[in-house]
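Before any comments, here is the structure.
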Amino acid sequence: MSSLFREHRDIIERLKKEIGSESLIGYEIPRPRRIWFSVRKEKLVDAITHLVGEGFVHLSTITGLEGENGLEVIYHLNRKGLEASLKVEVPIKQPVLPTITSIIPGAILYEREVHELLGVVFSGHPNLSPLILPEDWPEGVYPLRKKWTNEEIKKKLLKGS
Amino acid sequence: MSSIIKIPFGPQHPSFKEPENFMFKVDGEYVVDVTPRIGYAHRGIEKALEDRTYILDLYLVERICGICSQAHTTCYTQAVEEALKVDVPPRAKYIRTIVAELERIHNHYYWLGIVAHEIGFETLFMYTWRDREIVMDLLELLSGNRVQYAMNMIGGVRRDITPEISSEIMKGVKVLGERMEYYKKICSNERTVLTRSVNVGILKTKDAISLCAVGPTLRASNVKRDVRADDPYAAYDEIPFHAVTYDGCDIASRIATRCDEVIESVEIIRYALGHLPTGSIEVIVSRLVPSAEIVSRVEAPRGENMHYLKSNGTDKPERYKVRAPTLANLTALCKMLIGGYIADIPVVIAGIDPCFCCMDRLTFVDVNNDKSWGWKGEKLRRYGIKWYKKQ
Amino acid sequence: MGLIKWARTKSPWLLHFNSGGCAGCDIEVVAASNPKFDIERFGMLLKGSPRHSDILVLTGPITFQIKDRLERIYNQMPEPKFVIAIGSCPISGGVYRGCYSVHEGADKVVPVDVYVPGCPPKPEAIIDGIIKVLKNYKEATP
Amino acid sequence: MVQETIISLLQIVIFPGFLFFIIAAFFYEWVDRKFVARLQNRYGPLHTGPLGLLQPFADFLKLLSKEDIIPYAADKLLFSVVPIFMLSLPFTALFCIPIVNSTAPISFEGDLILVIFITTLIVISVFIGAWSSTNRFSTIGGMRACLQMLGYEIPMTIVIAGPAIAAKTLSISKIVQWQTAGFWFILTQPLGFIIVAICFLAELQKIPFDIPKAETEVVAGWLTEFSGKKLALLRLAGDLEFVLAGSIMTSLYLGGPSGFWFMPPFVWFIIKLTVCILILSNLRGLFARFRIDQLMRGVWKYLTPLALLQIILVELIPW
């Protein structure tokens, strides 16, 4: 078991050296084959390119959620079973993140989904058109935001359509 | 410059599929560009999951998709158990693995029938779906229901496998294995099937990896990646098995991959039934889940199924994200479609075994004129074949 | 008139319509035509075009997105037509009751003749539902 | 004189005439559906009439009683004329086939060419029907039908000329008489029989070649917009074509109503017709649908040369 943990710790050390220790806000290894990082918004692209270089080629998905202080976007990268989740904080007023489709082409749809359901704008994304919600979806309603409860969305939809 | 025309491929599948919708830009016969508009089945499940307690969520997670419901519930229960730091008794793990493999057999037979239906091979469609009834009866015997088998519970499994049931499963599974060998022989040397599947829907290894494809679609492009082997869950670390890969990168090798996986599942079930540990099948857990962030992954029949749970100490999840395998394969699907013939579109789409209700997405392209409606999926299939004719 | 009624009950053609459900009921509807259940014994065929079908087999909760498509399909079916709601989703929204993009029940959109509860109902239940529609039709008409 | 006209009138309307053809069409549609269902290990129609025999009749009657929708943008006149036109074609062709005795009700020198011409007319009317219903899929279905006709028409015509050359006549009845005296053409021209079977499958748009017409399990294609009475007539026309194809094969290759001593010629004709129908529907159950390029390539690369070879053989071997 310890050898597995040592491997995880090496990955974290290499990432810390890569993007500087101040921008690697925190890390955690809850169980074997799982690593959690949280990185500052500016260093996101460097962290992702470094991890892809290390073999984390498969992007499982991108999760978006509304935490206590603003929106959080989590990139789940994967290498042969070892899952590294990279968390990035984004202020709610101005949710803009650089896109990573140039590094991992597979991220196109995931970014569109987070954009649509949570309102995070991915700058440089080839086509951020709606993927999921219907066209007549009222502007500015992001279903996964805390302030929009189910009933409110339904009322707005019925009023709209 | 020959004219590029846009074709909306309708969101309706009269015979069985869920609604999906693609906008194709076509240059004569070749597909130049694909923009998926999916989301007909967007029921807002992720939002609903946050309003209900963990127990009620179990029933909702199970009905994300009719065919891979065991995969979704296993993933969900594992996430909550990990947050509760509860260890499931070994017998429950084995039962979960057995039901997961039975579901894989059920899914692959269903898929083989669908592909045969897409290329018009009616008799094979009828035969595979007749043999699928054997595994449906086994699942009904085991869990009382043919499709939504509600086997999993937070902390274990609901029903036990009695010796009679396990002997019944042994018999049924043996027949399923032999039948699949027979179908594999048909699909690999029946001329009409080969002409419609060899070199159709090519996904090279390099693209499969860069576009993050998952499951049999990935393994058919010669990438040995299987959650059961890499990140073992339930009882997969104790059961010897090997991931099946083929290097054909086309529909024919996807058919072969899935046929081998069924034969592999038969071995897994036999081994699991043979080494079924004794003991209780569930553990009582508390309703309040301590706050934690969990990523749980499962190898669904269609590919890697990933759930993310953020709990906050109450009895309702703060955020629950579901990423079904079909969404991962969708970018790869667009890659396969571009450059191919229009007539092969239905077969290629069926190739990744799409389950659009998994992806919770629903969208709609406007209708070209008021009289006719958007093309139905079946019309897509028939249109594809007709367009082929215009070569 | 008896002959027409006999003909209508002996060859009901089905049109299957999935309005955003979880595909559990869809598998069972198609499974009803495989060798074990074989709905062709009763003369039923799964048709693709609404022009040719008499019975609309409806599965899935009616999501907002698909509502107008459902209405168009229903209007395009020639006259003596029936609607069967398969599974608990079209009856009451089923498990998805309370979700924001779901109608709770098909009868808000199209008049429904027979409800087949179950999640998903077995193929026998689906066939029984279709037979019930025909029986109601036989008794209702003079 | 009057009595004779009544008999010939009766002959046309009842026995080897309209009523018989319609009943034969329904019967053989039932045979086809049951046979393919048994191939697929299931029952097929069972509950309408004894053994489901009345199922095609029930379908026909139900469609007659349904509401008949003419699409708003469709070309009204053509849209309603095509079904009637499609129905009349197989009837006229069927009258040239000798059924009761070895001379058909209409038999003149060259009725073989008339029958071939009618099979082409059928496809033309398919295209007109598809074009008049302005649904996008119907137009595509129509174009497919014509493209497919280009494929199979030439080998079929070449091969059908075989028996005509061997019997040195262009009238089907004389060919049948020649065969009753001599021997059946299937013995000397088996290749011709196979090619005609394949071409008729393509003409009837059955499974391996059902690309333009509505597929078996999903009706779309050029039939999409037809409903109610028009669809009933079109389905009946399709079944009549099926009987027409079978009877052409029997009369040209299996010697029509000629048989051995004990059974009357009419029964022999029915037996041979059933055999041909079973051959056609057997092919339907076994194959996957060909892609259209395979069909065209197969027809041009293999069928047409084989047909030419068949004709050369007929020339070389005198009998």
Side-chain angles (χ1 to χ4, degrees), chain A residues 28 30-36 52 57-68 72 74 76-85 87 101 103-110 112-114 116-118 127 129-137 143-146 148-151 153-154 157, chain B residues 35-42 44 46-48 50-51 82-83 85 207-214 218 223-227 229-232 292-297 304-308 310 318-324 327-332 334-335 359-366:
Chain A
E28 186 200 354
R31 53 162 278 221
R33 294 192 299 275
R34 289 290 184 279
I35 312 174
W36 293 81
V52 166
V57 182
H58 175 73
L59 172 73
S60 289
T61 188
I62 302 176
T63 316
L65 59 98
E66 184 175 348
E68 300 73 21
E72 282 169 32
I74 308 167
H76 303 282
L77 292 158
N78 187 285
R79 175 186 73 179
K80 255 306 188 212
L82 172 57
E83 183 86 25
S85 306
K87 199 188 284 184
T101 42
I103 312 157
I104 304 176
I108 293 178
L109 289 185
Y110 301 139
R112 275 172 74 178
E113 181 198 1
V114 172
E116 216 178 353
L117 293 181
L118 207 64
N127 117 52
S129 61
L131 171 74
I132 307 159
L133 298 175
E135 292 91 4
D136 51 8
W137 188 265
L144 289 181
R145 291 253 178 110
K146 279 278 177 289
W148 289 102
T149 62
N150 248 320
E151 292 67 28
I153 296 176
K154 204 156 193 150
L157 269 180
Chain B
T35 46
R37 285 279 300 190
I38 36 176
Y40 278 88
H42 179 68
E46 285 166 15
K47 189 73 180 172
E50 287 160 15
D51 300 350
E82 200 179 318
K85 293 187 179 47
D207 297 335
I209 293 173
S210 74
L211 293 173
C212 311
V214 285
L218 184 70
V223 177
K224 198 175 185 60
R225 192 178 292 160
D226 185 334
V227 181
D230 311 340
D231 184 0
E293 268 185 311
I294 309 292
V295 164
S296 129
R297 298 171 67 231
E304 173 216 17
N305 203 348
M306 206 214 90
H307 288 200
Y308 163 82
K310 180 168 187 189
E318 193 193 330
R319 170 74 167 105
Y320 196 85
K321 165 114 176 88
V322 172
R323 201 277 285 139
L327 185 60
N329 284 336
L330 197 63
T331 35
C334 297
K335 180 82 182 156
M359 291 195 304
D360 247 355
R361 309 291 180 269
L362 184 95
T363 184
F364 178 66
V365 172
D366 55 320

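Hydrogens, waters and symmetry mates play no part in the numbers below; they use all other heavy atoms, side chains included. So you know, we letter chains A, B, ... as the sequences are listed, proteins then strands, and number each from 1.
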Checklist entry - Quick one: does B:Asn305's side chain get under 4.5 Å of B:Val227's, heavy atoms only? => result no
Next on the checklist: Using side-chain heavy atoms (C-beta onward) and a distance below 4.5 Å, is A:Thr63 in contact with B:Lys310?
Outcome noted: no
Item to check | Top contributor to chain A contacts, counting heavy-atom pairs under 4.5 Å, from B:Arg297, B:Glu82, B:Arg225, B:Lys224 | outcome: B:Arg297
Item to check | Most contacts with chain A, counted as non-hydrogen pairs under 4.5 angstrom, among B:Val295, B:Thr331, B:Leu211 | outcome: B:Val295
Checklist outcome for this item: side chain to side chain donor-acceptor pair (under 3.5 Å) test vs B:Tyr308 passes for just one of B:Arg319, B:Glu293, B:Lys321, namely B:Glu293
Would you mind checking which part of [X] comes under 4.5 Å of any heavy atom in chain B, side chain (CB onward), backbone (N, CA, C, O), both or neither?
X: A:Glu66; answer: backbone
X: A:Ser85; answer: side chain
X: A:Ile62; answer: backbone
X: A:Pro30; answer: neither
X: A:Leu82; answer: neither

Item to check | Contacting moiety of B:Ala213, where chain A heavy atoms sit under 4.5 Å | outcome: backbone
Item to check | B:Ile294 versus chain A, the contacting section by heavy-atom distance below 4.5 Å | outcome: backbone
Which atom of [X] lies closest to which atom of [Y], heavy atoms considered:
X: B:Asn329; Y: B:Val214; answer: OD1-N, 2.9 Å
X: B:Glu318; Y: B:Glu50; answer: O-CG, 3.3 Å
X: B:Pro232; Y: A:Arg33; answer: O-NH2, 3.5 Å

Next on the checklist: Under the rule for salt bridge (Lys or Arg N to Asp or Glu O under 4.0 Å), what residues qualify as partners of B:Lys335, not counting sequence neighbours?
Outcome noted: none
Next on the checklist: Just so I understand: if I count every heavy-atom pair under 4.5 Å between each of A:Asn78, A:Ile108, A:Ile74, A:Val57 and chain B, which residue has the most?
Outcome noted: A:Asn78
